[in-house]
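We use all heavy atoms of the structure for the numbers below, so side chains are in, but hydrogens, waters and symmetry mates are not. Position 1 is the first residue of the sequence; numbering continues from there.
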Amino acid sequence: MAGVSLRALDKSYGALRIVKGIDLEIADGEFVVFVGPSGCGKSTTLRMVAGLEAINGGEVRIGDRVVNRLAPRERDIAMVFQDYALYPHKTVRENMGFSLKVRGISAGEAAVRVDEAANMLGISHLLDRRPGQLSGGQRQRVAMGRAIVRRPQVFLFDEPLSNLDAKLRGQVRTEIKKLHQAIGTTIIYVTHDQVEAMTLADRIVILRGGEIEQVGTPDEVYNRPASVFVGGFVGSPAMNFAKARADGGHLVFANGDRLPLSAIQVPAVDGREFVVGIRPEHFTANASEVALSCHVQVVEPLGSDTLVHFAVGNETLTARMPPETRVKAGETLKIGVDPAKIHLFDAATERAVH
Ligand code: ADP
Ligand code: MG
């Protein structure tokens, strides 16, 4: 096993700079998830670690080796893609064992490793089937098994769950986490799905336009987002944003509502403009002194919670309320906010203020 470090990692296609000087230290055994919108450079970064993409600047180290110039097979990594690309005419056993055979590992040793991996993934009963006789989730497990038998220093996953339906995605996600807990090998995992990132990662790396926007534990990126971008990206339903201005010790919203700044504990100069971030789950039905006047537009009962969409001035916000909430579209009411959970971002830079 080994850690991975990326130092000033850079990639351009022609004149277009795609990855812009990424610095990141990944500890041995850590599960790191790269997350960000489509096109932000996640796959390109992962492929540079894998050796599938040339590096234009900076360095990739795996363990204590600089691997920039090593071919993929010399890097001791194993990659699992969205598209599993199993050999259709080989059995599961042969698919899983093939790379070991190519690497000259004895048939006896290969059989032991295949059995062990199949057991770990719960696919021992499928070893004699061909990929065409498997469900999507089973094929995905075979693709993981093929990586596991290699016993690499580092696993690289690129959107491995994207081809599965929602229910199966949840199941296989849990299995990937169990797998990491069992074998403890360093994992770098790419996804555009923030739920996958939050549930799997020891640390999340949020990428935006080829740069790191924030690195942190799931708790840190959820509770202390460094920017409007991160606040809006992590959490579902997404964080609400509304503009407000500091005035006389209050935050004043466009509709004239005022929240006392002392409750939010941010010193602010009168006239300073903020983007205020409030998560749907941090509104409360009982309006304390920290409350917004809102006009209820749509109510969506989900069973476990009820989403209430409401207007504050001309911005639409969403609150996640307990299921017993009796609120109707068209009503006007005061909705409370937990002041400790309010996020303030500078309106110009969109960076967090505290
Ligand atoms: P992500 O995985 O985050 O969705 P990628 O790393 O695949 O994004 O791509 C990042 C950007 O690089 C995208 O704008 C994509 O169009 C561009 N890109 C990727 N591969 C190539 C290539 N071979 N040639 C030119 N541009 C590319
Ligand atoms: Mg990608």
SB check [X] [Y] (cutoff 4.0 Å):
X	Y	answer
Glu30	Arg203	yes
Arg61	Glu59	yes
Glu281	Lys341	no
Arg93	Asp115	yes
Glu196	Arg173	no
Glu116	Arg151	yes
Glu213	Arg351	yes
Asp346	Arg272	yes

Between [X] and [Y], is the gap from one ring center to the other below 6.0 Å?
X	Y	value
Phe34	Tyr189	no
His180	Phe31	yes
Phe229	Phe345	no

inquiry  = Counting neighbours of NE2 on His125 that are heavy atoms of other residues, nucleotides or ligands and sit closer than 6.0 Å, is the number greater than 12?
reply    =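 Yes, because the 6.0 Å sphere around NE2 of His125 holds more than 12 heavy atoms from other groups.
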
message = Within the supplied structure, the quantity of interest is the number of heavy atoms (other residues, nucleotides, ligands) at a distance under 6.0 Å from Lys90 NZ; does it exceed 12?
response =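 Yes, NZ of Lys90 has more than 12 neighbouring heavy atoms, counting only those of other groups under 6.0 Å.
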
task = Take Arg326 and Glu324, measure what salt bridge (charged side-chain N to carboxylate O under 4.0 Å, His left out) needs, and give me the verdict at the end.
result = CA-CA 6 Å; Arg326 296 277 168 264; Glu324 58 275 12; over 6 Å; no

ask   = Under 6.0 Å from the six-membered ring centre of Phe241 and within 45° of its axis: does the NZ or CZ of Lys243 meet both?
value = no

task = Could you point out which residue of Val172, Asp193, Val80, Thr191 forms a side chain to side chain contact (heavy atoms under 4.5 Å, CB included) with Leu161?
result =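 Only one of Val172, Asp193, Val80, Thr191 forms a side chain to side chain contact (heavy atoms under 4.5 Å, CB included) with Leu161, namely Val172.
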
ask   = Who passes ring pair (Phe, Tyr, Trp, His ring centres under 6.0 Å) against Phe155, sequence neighbours left out?
value =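 In terms of ring pair (Phe, Tyr, Trp, His ring centres under 6.0 Å), with neighbours along the sequence ignored, Phe155 is linked to no residue.
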
task = Start with the C-alpha distance between Ile187 and Val154, add both sets of side-chain angles, then the distance that settles side chain to side chain contact (heavy atoms under 4.5 Å, CB included), and finish with yes or no.
result = CA-CA 6 Å; Ile187 295 181; Val154 180; over 6 Å; no

